[in-house]
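Note sheet for the following structure.
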Amino acid sequence: MTTSWVTEFSRFLWFGGIAALFGLLIGQVLAVLLLYTLAYLGWYFYNLRRMDHWLRKGKKYAPPAASGLWGELFNEIYYLQQRSRKRSKRLVKLLNRFRETTGAMPDGIIILKEQGEIEWWNDSAQALLNLKYPSDVGQRMSNLIRHPSFIAYVNGKSDEPDVTIASPLNDQIKLNIRIIPYGKDQSLVMIRDVTVVQQVEQMRRDFVANISHELRTPLTVMSGFIESLQEEIRDDPQVERALQLMGQQTRRMQQLTEDLMLLSSLENSKNTSRRQVVNVANMLASLKEEAEVLSGERGHTILLEADAEVALRGDPKELDSIFSNLVINAVNYTPKGGAIRIRWYADENGAHFEVHDTGVGIAGHHIPRLTERFYRVDVGRSRATGGSGLGLAIVKHAMQQHRGTLQIDSEVGRGSTFICNFPPDLVVYKKDKDLDETG
Ligand code: ADP
C-alpha cells in the first residue's frame with residue numbers, strides 16, 4: 001500500500017510537471033495547473049463515489065475494478081470485510097454453542113454486572129428463580145431473593161463460600177447459591193437445587209440420632225446388670241475378668257452413643273445454643289482436677305493459667321465438651337511425666353482457649369482431617385485410650401455454634417497445641433457482667 005501511495009504521488013507530480021510545461025508553452029501556467037488539479041480532484045471524487053456506492057450495496061458484491069492506489073484500497077477493504085464476516089460467523093457459532101451448553105446445564109447461572117445488577121441468566125436460573133425477561137435485567141439479586149441469610153451473604157457478612165436457602169417460589173425446595181467473582185468486578189452466580197441432598201443428609205442425621213437414642217436404654221440396663229453381677233460373683237476370677245471386660249466395653253458403647261447424640265444435636269441446631277455467661281475459669285479449674293485424676297500414675301504436670309476476669313457468652317454444655325475433649329486428649333496422648341499447659345485469656349481478637357502438651361504429636365498430613373468423624377492417627381492407641389474418634393468432630397461443631405475457629409499446631413515427638421478462638425462479641429469481662437453465670 002505504501003509503494004502504491006508513493007507511485008500515485010509521483011504520478012500526480014509527473015503529470016503536474018507536464019501540465020506546467022504545457023502551460024508555459026501556451027503562456028497560461030496557472031490556468032492549466034488549476035484545470036489539471038480540478039481534473040485530478042474530479043477523478044478522486046469519481047472513485048470515492050464508486051467506493052461509497054459499493055459499500056452501500058452490501059458486503060456480498062465484489063469491489064469495483066480500479067487500478068493503482070484505488071484498486072488496492074478496494075481490494076484491501078474487501079479483504080478486511082471478508083475477514084470480519086468470517087470472524088463474526090465464528091463468534092455467532094460460539095455464542096450459540098455457549099447458549100446451548102448453559103441451557104442444558106441443570107444448575108442455574110446468572111451473570112452480574114459491576115454493581116451487582118443482573119445482566120444475563122440461563123434457562124435453569126429462569127426456572128429456579130422465576131426470572132422474567134426483560135423486566136429482571138438490571139435488577140439486583142437482593143431485590144429478588146429477600147432471605148436474610150442470602151442478604152447477609154451478598155453483603156459479605158458470611159464467612160461461608162456459599163449459602164443454602166429455601167427457594168423464594170417454594171419453601172420445600174432448597175437452593176444452594178454461590179457467587180464467584182471474575183473479570184473486572186463481575187460475578188457469576190451458581191444456583192443448585194440441593195433439596196434431595198439435604199433430605200438425604202437430614203435422614204442420615206436423624207438415623208444416627210435415633211439409633212444412638214434407641215441404644216441408650218439397652219446399654220444402661222446391661223451396664224446395671226453387669227455391675228450387680230460384679231458385686232455378686234467374686235469367687236470366680238474367670239467370670240470376674242469377663243464381667244470386667246463386658247463392663248468396659250459397655251461403657252465405651254455408652255460413651256459412643258452419648259458422643260453421637262451430642263454430635264447430631266450440634267449438627268441439627270443452627271446457632272441456637274442456649275446462650276449464658278459462662279465462668280470459664282471455674283469450669284477449667286474443675287476440669288484440671290478431672291485431668292489430674294485421669295492422669296493418675298502417669299504423673300503429668302498440669303498447669304492452668306486462666307484469666308478469671310474473662311467470661312464467655314455461650315452454651316455451658318457445649319463449652320464443657322470442647323474444653324474437656326481437648327484436655328482429655330492432651331492427657332491421653334502425652335506419655336508419662338509429660339507437661340500439659342491450659343490457658344484462657346482474651347485480647348482484641350476475642351477469647352482464646354489453648355491446650356499445649358509435650359505428647360506424641362501429629363504428622364502434618366493428618367491435621368486437616370483430624371476433625372472428621374472417626375478419624376484417628378493411630379487406631380490402636382486411640383482404642384487403648386478409650387477414645388471414640390468423635391472428640392475433635394464434636395469440638396469443631398461446637399466451635400462453629402459459637403462462631404469460633406479451631407487451630408491445631410503439632411509436631412511429631414514434640415507435642416501439640418490446640419487453640420480455640422472465640423469472636424470478641426462473645427467475650428464478657430466480669431466487671432461489665434450483670435447476667436447469670438454458669439461454670
Ligand atoms: P479420639 O477419641 O480417638 O481421641 P479425637 O477426635 O478426639 O478422637 O481425636 C482424633 C485423633 O487425633 C486421635 O485419634 C489422635 O490420633 C489425634 N489426637 C487428638 N488429640 C491429640 C493430641 N493432643 N496429641 C496427639 N494426637 C492427638
Side-chain angles (χ1 to χ4, degrees), residues 1-104 109-123 125-126 131-140 180-188:
M1 184 70 86
T2 326
T3 41
S4 313
W5 186 87
V6 173
T7 320
E8 187 67 29
F9 189 61
S10 334
R11 195 156 62 174
F12 172 71
L13 291 180
W14 264 106
F15 284 118
I18 294 169
L21 270 176
F22 180 68
L24 266 178
L25 279 176
I26 61 167
Q28 292 285 342
V29 180
L30 274 179
V32 173
L33 275 180
L34 185 71
L35 261 175
Y36 167 69
T37 316
L38 282 175
Y40 206 84
L41 208 62
W43 184 64
Y44 259 71
F45 272 113
Y46 166 69
N47 277 318
L48 272 177
R49 203 194 71 87
R50 285 207 311 161
M51 183 193 279
D52 178 57
H53 188 64
W54 168 57
L55 289 177
R56 273 173 204 279
K57 250 192 337 188
K59 306 166 215 151
K60 277 178 282 180
Y61 296 93
S67 64
L69 180 65
W70 282 103
E72 284 212 20
L73 263 178
F74 289 150
N75 285 339
E76 191 71 18
I77 292 172
Y78 187 61
Y79 169 72
L80 285 176
Q81 272 184 343
Q82 296 282 333
R83 224 169 56 175
S84 86
R85 199 178 314 151
K86 271 188 197 147
R87 199 174 288 165
S88 42
K89 256 190 191 164
R90 260 209 315 269
L91 274 176
V92 168
K93 231 178 171 174
L94 208 70
L95 204 66
N96 284 339
R97 242 202 355 242
F98 171 75
R99 280 216 183 105
E100 278 166 21
T101 320
T102 51
I109 296 174
I110 298 177
I111 292 178
L112 303 182
K113 285 201 276 196
E114 289 88 348
Q115 304 300 323
E117 298 103 355
I118 296 177
E119 186 174 24
W120 177 90
W121 59 77
N122 71 347
D123 297 350
Q126 176 149 341
L131 292 171
K132 292 197 177 62
Y133 185 84
S135 57
D136 286 336
V137 174
Q139 286 265 22
R140 282 173 172 277
I180 307 157
Y182 79 97
K184 199 173 168 289
D185 294 333
Q186 281 182 300
S187 312
L188 191 72

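In this text, all values refer to a predicted model and were calculated from it rather than measured experimentally.
Using a 4.0 Å cut-off between charged nitrogen and carboxylate oxygen, R97 and E100 do not count as a salt-bridge pair.
Expressed to the nearest 0.5 Å, how far CG of D123 lies from CZ of R99 amounts to 10.0 Å. The CD1 atom of I110 lies 5.0 Å from the CG atom of L131; values are rounded to the nearest 0.5 Å. For the atom pair CZ (F98) and CG (N122), the distance works out to 8.5 Å, reported to the nearest 0.5 Å. S84 OG to L91 CG: the interatomic distance, rounded to the nearest 0.5 Å, is 10.5 Å.
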Inset, instruction - Walk me through it: do R56 and H53 pass the test side-chain contact (heavy atoms from CB on, under 4.5 Å)? - result: CA-CA 5 Å; R56 273 173 204 279; H53 188 64; 5.8 Å; no
Inset, instruction - Could you please spell out the steps behind the side-chain contact (heavy atoms from CB on, under 4.5 Å) verdict for W120 and V137? - result: CA-CA 7 Å; W120 177 90; V137 174; over 6 Å; no
Inset, instruction - Starting from the C-alpha separation in whole Å, work towards a yes-or-no answer on side-chain contact (heavy atoms from CB on, under 4.5 Å) for T7 and L69. - result: CA-CA 8 Å; T7 320; L69 180 65; over 6 Å; no
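When ring centroids are compared, F15 and F22 stay outside the 6.0 Å threshold.
Judged by distance alone, the side chain of R50 and the main-chain N or O of P63 form no donor-acceptor pair under 3.5 Å. In terms of modelled atom types and a separation under 3.5 Å, the side chain of Y36 and the main chain of F12 share a donor-acceptor contact.
Ring pair W54/Y78 is tilted by interplanar angle, where 30° to 60° counts as tilted. Ring orientation note: the planes of W70 and F74 are tilted relative to one another, at an angle of 30° to 60°.
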